[in-house]
Every structure is written in structure tokens, then in C-alpha cells.
Amino acid sequence: MTTSISLEDFKKVDIRVGQILSVEKVPETDKLLRLRVNLGEEKPRQVISGIALYFPEPTALVGKRCLFVANLEPRVIKGHESNGMLLAVSTDDGGFSLLEPSVYVPPGTRAK
């Protein structure tokens, strides 16, 4: 069952387009990738994401523009600070997709 939130709570979530600048596997893990992401800010952010099993060649992610939650509190995952969350969907039968704009949208553009 889905938990409802108010529209005011949803408006607090800062979802932005981010361009992935670099990717590397987090050592000693099977699932984690360390992404360096341009979210339209002065400096790129580091985001740790558990999507490595879906990308045998992680460098295929470089250059992709995807949706990220930009205002999560930083979290340390396996000794690496993560400053955001990559949005993706998966299905029970193993399907997986990143959430990507269908047309060019510059990094930092906020979802409305």
C-alpha cells in the first residue's frame, strides 16, 4: 500500500536533471557505483548508487542526463558520502530503467 503525502511535502523534493560526468565501481562492493554529477551547481556532486548490476560497463553512463533528488541529507555509504539520489525504476522480472528526459534539458533544470 502506498503512503500518501501532501502536495506541500512533495514540493519540498528538489528533483533536477543531472549529467553524469564520471563513473567508477565502489571497491569491495558488487552493487555500488560512484557517480560524479553536474546538477548545474558550481561543483559536481558525488552520488553513490546501487545500480552496478545493471551496468556491466559503467562508463556507458557517462554523458547521460538523468533525474536526481538533489536535496536529500548527505549519507555515508561504504565510506563514501552520497549527496543525492539517482531516480530509476525496476520491475519484478528484472527490467530496469533510469529516468531520463526525452529531449535535451540542461543540467540543473528542476522538475515541475
Practice problem: For L39 and F68, run side chain to side chain contact (heavy atoms under 4.5 Å, CB included): C-alpha distance rounded to whole Å, both residues' side-chain angles, the deciding distance at 0.1 Å, then the answer. | Solution: CA-CA 8 Å; L39 286 173; F68 291 82; 4.0 Å; yes
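- In this structure, OG on S49 lies 12.0 Å from NZ on K31, to the nearest 0.5 angstrom.
- Between L21 and V37 there is no side-chain heavy-atom pair separated by less than 4.5 Å.
- For the pair E8 and K12, the salt-bridge criterion is not met [side-chain N within less than 4.0 Å of a carboxylate O].
- For the pair R16 and D14, the salt-bridge criterion is met [side-chain N within less than 4.0 Å of a carboxylate O].
- Q46 CD to R36 CZ: the interatomic distance, rounded to the nearest 0.5 Å, is 10.0 Å.
- One finds the CG atom of L33 at 11.0 Å from the OG atom of S22 (value rounded to the nearest 0.5 Å).
- Counting heavy-atom neighbours within 6.0 Å of D93 CG, excluding the residue itself, gives a total above 12.
- Atom CZ of R75 and atom CD of E73 lie 11.0 Å apart (nearest 0.5 Å).
- Follow the hydrophobic side-chain contacts under 4.5 Å out from L7 and you never reach I15; the two are in separate clusters.
- S4 OG to D9 CG: the interatomic distance, rounded to the nearest 0.5 Å, is 11.0 Å.
- In terms of hydrophobic clustering, with Ile, Leu, Val, Met, Phe, Trp and Tyr side chains grouped at heavy-atom distances under 4.5 Å, L86 and L53 are assigned to different clusters.
- Closest heavy-atom contact between G50 and L32: CA-CD2, 3.8 Å.
- Side-chain contact between L87 and C66 is absent, with no heavy-atom pair separated by less than 4.5 Å.
- Between F96 and Y54, the ring planes lie parallel to each other; the angle is under 30°, not in the 30° to 60° tilted range.
- Atoms CZ and NZ, from F55 and K25 in turn, are 12.5 Å apart once rounded to the nearest 0.5 Å.
- The two residues L98 and L61 make their nearest non-hydrogen contact at CD1-CD2, 3.6 Å.
- Contact annotation: the side chain of N83 approaches that of P74 to within less than 4.5 Å [non-hydrogen atoms, C-beta and beyond].
- Put simply, V89 and V69 are part of the same group of oily side chains (I, L, V, M, F, W, Y) that touch within less than 4.5 Å, one to the next.
- The minimum heavy-atom distance between H80 and I48, with the atom names listed, is CB-CD1, 3.7 Å.
- Residues Y104 and V17 have side chains not in contact (no heavy-atom distance under 4.5 Å, counting atoms from C-beta outward).
- In plain terms, the two heavy atoms of V13 and R110 that are nearest each other are O-NH2, 3.6 Å.
- Looking at every heavy atom in both residues, D30 comes nearest to A52 through O-CB, 3.4 Å.
- V47 is not connected to M85 by any chain of hydrophobic side-chain contacts under 4.5 Å among Ile, Leu, Val, Met, Phe, Trp and Tyr, and they are in different clusters.
- Under the 4.5 Å side-chain contact rule for hydrophobic residues, V62 and L35 share a cluster.
- The pair R65-E100 does not meet the salt-bridge criterion, since no charged nitrogen lies less than 4.0 angstrom from a carboxylate oxygen.
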